[in-house]
Amino acid sequence: MSAFAEAMRERVRAARAELVAARAAGDVYAAMVAEDELDDALRLARAHGITMDEDDGRGGS
């Protein structure tokens with residue numbers, strides 16, 4: 001696995017963790033920011049052919 005692919009996977013993992021934490025804290029603004037970061041990370045990963053094993057991490061609100 002390339003360093004870029006691993007960095008993208010880590011960016012997605014971090015964004016998912018931030019989204020979970022923001023939702024758990026009930027912080028709507030932080031959740032929106034984290035969701036935007038996750039969207040951007042997933043978009044960039046897909047654009048470079050990097051697949052993610054998990055779902056998009058959003059689940060139900």
State plainly whether the residues Glu10 and Arg13 are in salt-bridge range, i.e. N to O under 4.0 Å.
-> yes
Is a salt bridge present between Arg16 and Glu37, judged by a nitrogen-to-oxygen distance below 4.0 Å?
-> no
Under 4.5 Å between side-chain heavy atoms, hopping through other hydrophobics if needed: is there a path connecting Leu19 to Met52?
-> yes
ILVMFWY cluster, Val28 and Leu38 together (side-chain gap under 4.5 Å) | no
Please, which pairs that meet ring-ring contact (aromatic ring centres under 6.0 Å, His included) have at least one residue in residues 20-50, sequence neighbours excluded?
-> Phe4-His48
Please report the shortest heavy-atom distance between Ala45 and Met8, naming the atom on each side.
-> N-CE, 3.8 Å
Which atom of Ala22 lies closest to which atom of Ala31, heavy atoms considered | CB-N, 3.4 Å
Side chain proximity check, Leu44 to Arg11, heavy atoms < 4.5 angstrom | yes
Could you go step by step and tell me if Arg9 and Thr51 meet the side chain to side chain contact (heavy atoms under 4.5 Å, CB included) rule?
-> CA-CA 9 Å; Arg9 286 188 175 98; Thr51 57; 4.3 Å; yes
Contacts of type side chain to side chain contact (heavy atoms under 4.5 Å, CB included), residue Ala21, not counting sequence neighbours | none
Roughly how far, to the nearest 0.5 Å, is CD1 of Ile50 from CG of Leu42?
-> 11.0 Å
Residue set satisfying salt bridge (charged side-chain N to carboxylate O under 4.0 Å, His left out) with Asp36, at least two apart, ordered chain then number -> none
